[in-house]
Amino acid sequence: MINAVLVFNNAGQPRLTKFYTQLETSVQQRLISEIFTLVSNRANSACNFLPLPPLLANSSKSSTPTTPHNDTPSLVTYRHYATLYFIIISTSTESPLALLDLIQVFVQALDGLFENVCELDLIFNFEVLHATLGEIIVGGVVVETQLDKVVQGVKAQGKVAKRPVNESKSGLSLGGFGRGDASVWSGR
Amino acid sequence: MFEKSLYELIRGLRSHKGSEKEYIADSIKECRKEIRTNDMDLKSTALMKLTYLEMFGHDMSWASFNVLEVMSSPKYRHKRTAYLAAVQSFRRDTDVLVLAENQLKKDISSPTPTVISLPLGAIPHVINPSMANSLLTDLLPRLTHSHASIRKKTVVTLYRLALVYPETLRPAWPKIKERLQDDNEDPSVTAAIVNVVCELGWRRPQDFLPLAPRLFDLLVEGGNNWMAIKLIKLFATLTPLEPRLIKKLLPPLTKIIRETGAMSLLYECINGIIQGGILDAVEGTTEGEEVARLCVGKLRGMMVIEGDANLKYVALLAFDKIVRSHPKLVSQQQDVILDCIDDPDISIRMRALDLVVGMVNSDNLTAIVGRLMRQLRNAPIASTTDDPANDRGRLSGPVPYGDSDDEDAEETLRQHQRSNVPPPLPEDYRLNVIQRILDMCSRETYANITDFDWYIDVLTQLVRVSPSTKSSSSGDDEDLESTDDVGRSIGRELQNVAVRVKSVRPEAVDAAQALVLIDRRDQMFPASGNGGLNVLEYAGWLVGEYANYLTQPEPVMTSLLHPASVQLPPMTLAVYLQAIPKVFASMSGDDQISWTPERKTLMTLLMARIIHFLDPLSTHPSLEVQERAVEYLELLRLAAEAASGAAPGDAHGDFTDPPLLLTQAIPALFTGAELNPVAPGAQRKVPIPDDLDLDTPINPNLHSLLAQAEYEGFETEEDDVYAAYSEPVTSYTSVTSPAPTISASERLDAPHKEPSSYQNAVEEEYLDPDILARRKAERKERYKDDPFYIDPEGGQGSSGAVTPLGSIVRAGNEEVDIDAIPIMALELEHSRGTPTGEYMGRSRSPRRAPKRVEIMGDETLGPGEPNATDGREDIIAPSSRQVGGKGKKSLLEVDSSGLGSLSLDDESSGRKLTKLDIERREQEEAEMKKALMEVERLRLEMQRASQRLEAKGEVTVKKKKKKVRKVEIEGEAPESTAHVGEAEAEAEAGADADKRVKKKKKKKPKTDDAGEGNAAEGAAEAEEGVVKKKKKKRRQVVMDEGEPAVEA
């Protein structure tokens, strides 16, 4: 299952934190900063899987490294879009490539809701951000992967506020990111 | 009052560059005010702002009650804010949760779908078992809600309920299954159910076998890749239980592999084939070969595809899973895998490293290790924490710099300017590589190593590239971190090679010598890392133990005695202390060299230097160091005296014998039997000789002998000769360590630790009354000051000489000393070449490496311990032992172990049975009601009867009332059958029932324990566990009742 979904920007400032277990605020912040440290050091061409941050690594080593316990969060998957990092922490029972796709769905859904989404949209509409995530993942289990249904679900909750007028506008530009998203996703 | 919206808060944050802290503090203060008003809009806005700030780490737990207030607002907008706030801010200890229950129930039953969604999304975050129990009844009807989105969320919410309250599945599972079987169900709901089934599946695969046909259909129909991936993962856990599935699964899986365009699905198909054991199952058939070729071919394709690091990563993961079972298939891909070792991406390198460790053999070992060594050597040593710019954790606290990113936030296509130069190797990766190298090389008692000179060079090099360990841990003498230190691991290997492989022993000792030499320290341990420094512990042992192999004993001695050595960690220093006399013995012990004046001066000088070095160490805080220092100090003082006493022969020609103490006595301490590796547990296998009689006392007169010895001890104490001999020692150690001053007689005193009455009885037999009286007085005197008195004669030897202060110190010391004894024993074993865990797993017969290098295997008797084979783990996963077992739960972990104990009643006709179950339960409930009514009727009857009775009767009434209440409480418990019986029987049983209730109360917890114990035995046995539990209850009722249960 999925243990946490995080979004933060290039400076490490959180834009969305969702932990599917109850965690002390200070621990949450530490985890975010640890993951940010890991993720910000990675080259662009590097793969999208992170080694476990120290907070998680310590406890997971208790079982043998090759077969981590199925309940233990052991997979940190991330994707980088323009100014934002999207991170999913999950157990080994999730498929790593599928999680990458899931992040893509999440971002595409946001793009559908905001029309050419950018970080500012998410800052000012963090409730919508949560609502969108809530349509995709409930309690750490994925409930929906179809883009249109996610968008529809969020829209059913009320009008999605547009960006404040005076803010300049430019999007996360999904098309230009990642490598070969289309080819990975042609099956969807 | 001016109030801000969330938008204004964020705007404000962005415009208060540099003073966010104050701004936030002000804002929170405002929120505190706003949230206390009666205006729901204002409250809700304040809550939203707080939730936003919570994301940056600002506590809002104080507002938990206000969250509930806003939650109860009729407006959806408010509710949404409040639910989000609850999810984000409620913690395990949030106490208002109980109050939230009713609101949750209300909202679950709301007619508006969007409102229902709110609690559905929030419940997984805040649920606890008691809440789950009460919400269950409200959630179940939502499974048939007209909106698909509600149904799918309910399924998942019920799953989370089941995690904390497994009983959830009893009523919920049949309904969920019904949804799954329904062909007309919305595909989204089906997918959500599959997700949940997959989560449940690896816990209790056997329960899901009956669903296999339906799941198989879903897989073949396809459509949703996410669901297909989940299904494949689920099938991979089912195939081991139902081998027939393999035949069925293979065609669709190969079809997907060939046809799908989604890489994730393709990969999971291959992964499923590997993990589900399908590869093994079809092995040998043409079909199987084809599948294997297909899978491996695709995986290879993923590795070589240009520019997608992710595919490389997952392909390595997949290879890692088959490397043990199909080494051949993997080794065919050696070329691409080895390339990954040098991949710029650390994640990929790590995976490749894991894989390579499994692939290694004697042919490729040198190449692989060489590759890794090159990496270690060429990359600069640096750790992630060295870069303060990236270390957000060092900031005083998380602060939302709402504005620092204005430019970034609006930028769309930011081109990353980060270079593609590989980053410096992080520390943990470095450690990992070193450990892996050691592991690969030492595997199976060096089976893969053909050239030990090479290995020794590798080890020496490894010391130089070791990263610095956390400097804090190196100083103190807790040897907790001992196992996972790279320096130690390398040292252990060096020691191991020297002991096991005689032919390279000189080279190994040479290497150790080079490490120890102080003037080469800079070269051997580059300033960039001091992590290898712990290797000295083993190098020190080697130069001592094999001192006769040393090519430059003098410089080694100088290095050992160097003032810098005192700064070493205590463990290393202790080893050094042991090595010093050994090296000294090898230098001085040669009786072929004439005892000329030069020789005498040389030796005297050397001894003086050693004494000079040891002297201050006799007060070292580490007991280990202290003890050795004191022992060897005394020994060398004696030797120095002997040397100065022995007159040298004339300088020219004639041979004069050197003092015997130098040539014979001291070397004899260290030579003798050669050290060989001994298998763990070998000692236990030494057969007990038949003629060994441990029961008859060796000397039946022991007690009187001992007593006599003790008596003699008194006299010799006054003896001038004895005093002269022992005094310098006493004066110098009495404050620090009494151990070396114990006289022979005292040592014999040990049996006197026995109960005093016994002792006295013996004493009385041979001692005069006046002596006895004196002894008694003395003993009393001693006991007076020392509550921790342990050795009855410990204080005697120096009782006259010790000052009051000294005796206090000694009192303290004695306590410590006793603790130190087992440590010392361990250390002995350590320095004898059997570091803990090191030789475990070496119990196989001696192996011969290629090139016929003789490697000593462990010496053992009989067959090796089967369970010792994994003893090498300490090198593979060094810290695995330290982190306390599996008991420790990982952060973020959601524990689903509760599910393992729950059976899903999954027979082929499961639904009918469960219907029956429900009927039965209803019947039971009705019976229960009847019984309760009966009880109540009886109670009233008795009450009425008792009212007619005298004062004596009133007592019984009170008792009776108590009893009835108890029965009622029991009756309300969910598992009814047993209690119905109890209640009824109770009602029938009449006045003497009181006692029995108590008895039952006592017995009940026991049963529960037993039941839980069974349940905990794991998934496989859990079903029986439940059954047993029930059975036990029934049986117990019968037992308790004694008479057959009435009306049952």
Side-chain angles (χ1 to χ4, degrees), chain A residues 1 3-4 9-12 14 17 21-22 25 29 33 36-37 40-41 43-49 51 55-56 59-62 65 70-73 82-83 95-98 101 119-120 123-124 130 134 138-139 141-145 149 153 156-157 168 170-171 173 176 184 186-188, chain B residues 7 10 55 57 59 84 91-92 114 121 124 149 152-153 156 160 188 192 195 199 202 225-226 229 260-265 267-268 309-310 313-314 345 347-348 384 390-393 398 400 404-405 408-410 412-414 416 420 423 877 879-880 883 886 888 890-896:
Chain A
M1 67 177 288
N3 301 89
N9 71 359
N10 287 342
T17 57
T21 39
Q22 294 180 327
T25 311
Q29 296 295 325
S33 92
F36 174 69
T37 309
S40 59
N41 278 331
N44 237 3
S45 62
C47 72
N48 292 0
F49 307 102
L55 261 180
L56 295 178
S59 31
S60 72
K61 261 184 197 164
S62 54
N70 277 348
D71 273 342
T72 319
T83 59
S95 161
L97 291 178
D101 301 346
E119 189 183 347
L120 276 177
I123 296 172
F124 285 107
H130 277 283
V138 171
V141 179
V142 174
V143 287
E144 189 57 83
T145 51
K149 290 205 173 164
Q157 293 180 24
S168 54
S170 48
S173 288
V184 172
S186 49
R188 179 173 289 279
Chain B
Y7 171 70
I10 298 169
M55 179 162 69
D59 178 57
L84 179 59
R91 304 284 179 256
R92 277 193 196 90
T114 44
S149 71
K152 71 186 179 196
K153 285 178 187 171
V156 174
R160 285 302 295 256
S188 292
N195 280 336
E199 291 291 334
W202 60 262
N225 282 344
W226 178 274
I229 287 170
T260 185
M263 199 57 93
S264 51
L265 184 55
Y267 170 71
E268 288 303 333
N310 292 330
Y313 181 88
V314 293
D345 185 351
S347 299
I348 291 181
T384 45
N390 288 328
D391 194 6
R392 209 169 136 267
S404 65
D405 52 346
D408 286 2
E410 289 149 26
T412 38
L413 262 166
R414 197 166 86 110
H416 287 270
N420 274 351
S879 55
S880 63
V883 187
K886 282 192 177 172
K888 198 177 168 193
S890 169
L891 200 73
L892 286 178
E893 179 173 329
V894 178
D895 189 19
S896 65

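Since we're looking at a predicted model, the values are computed, not measured. By convention in this document, chain letters (A, B, ...) are assigned in the order of the sequence lines, proteins followed by strands, and residues within each chain are numbered from 1.
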Can you name the residues that form a side-chain hydrogen bond (donor to acceptor under 3.5 Å, both in side chains) with Ser149(B), not counting sequence neighbours?
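side-chain hydrogen bond (donor to acceptor under 3.5 Å, both in side chains) check on Ser149(B) returns nothing, list empty.
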For the student: nearest non-hydrogen atoms of Cys47(A) and Ile348(B), plus distance
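For Cys47(A) versus Ile348(B), the nearest heavy atoms are SG-CG1, 4.0 Å.
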Would you name the heavy atoms of Val143(A) and Ala192(B) that are closest together and state the gap between them?
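Heavy atoms of Val143(A) and Ala192(B) come nearest at O-CB, 4.2 Å.
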If I measure from the heavy atoms of chain A, does Arg91(B) come under 4.5 Å with its side chain, its backbone, both, or neither?
both
Side chain, backbone, both or neither: which part of Ile229(B) has a non-hydrogen atom closer than 4.5 Å to chain A?
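When you check distances to chain A, only side chain atoms of Ile229(B) fall under 4.5 Å.
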Mind checking whether Pro124(B) and Val138(A) have side chains closer than 4.5 Å, heavy atoms only?
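SC-SC contact between Pro124(B) and Val138(A) confirmed.
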Please tell me if the side chains of Ile10(B) and Ile123(A) come closer than 4.5 Å, counting only heavy atoms from C-beta onward.
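A side-chain contact exists here, since the closest heavy-atom pair is under 4.5 Å.
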Ignoring hydrogens and angles, tell me if any N or O in the side chain of Asn195(B) forms a donor-acceptor pair with the backbone of Val142(A) under 3.5 Å.
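Here the side-chain-to-backbone pair exists.
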Just jot down the ring-ring contact (aromatic ring centres under 6.0 Å, His included) partners of Tyr267(B), sequence neighbours excluded, or say none.
none
Using 0.5 Å steps for rounding, measure from the CG atom of Asn310(B) to the CZ atom of Phe49(A).
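That separation rounds to 4.5 Å.
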As an exercise, state the distance from CD of Gln157(A) to OG1 of Thr114(B), rounded to the nearest 0.5 Å.
7.0 Å
Max heavy-atom pairs within cutoff under 4.5 Å with chain A, candidates Glu268(B), Lys153(B), Lys152(B), Met55(B), goes to Met55(B)
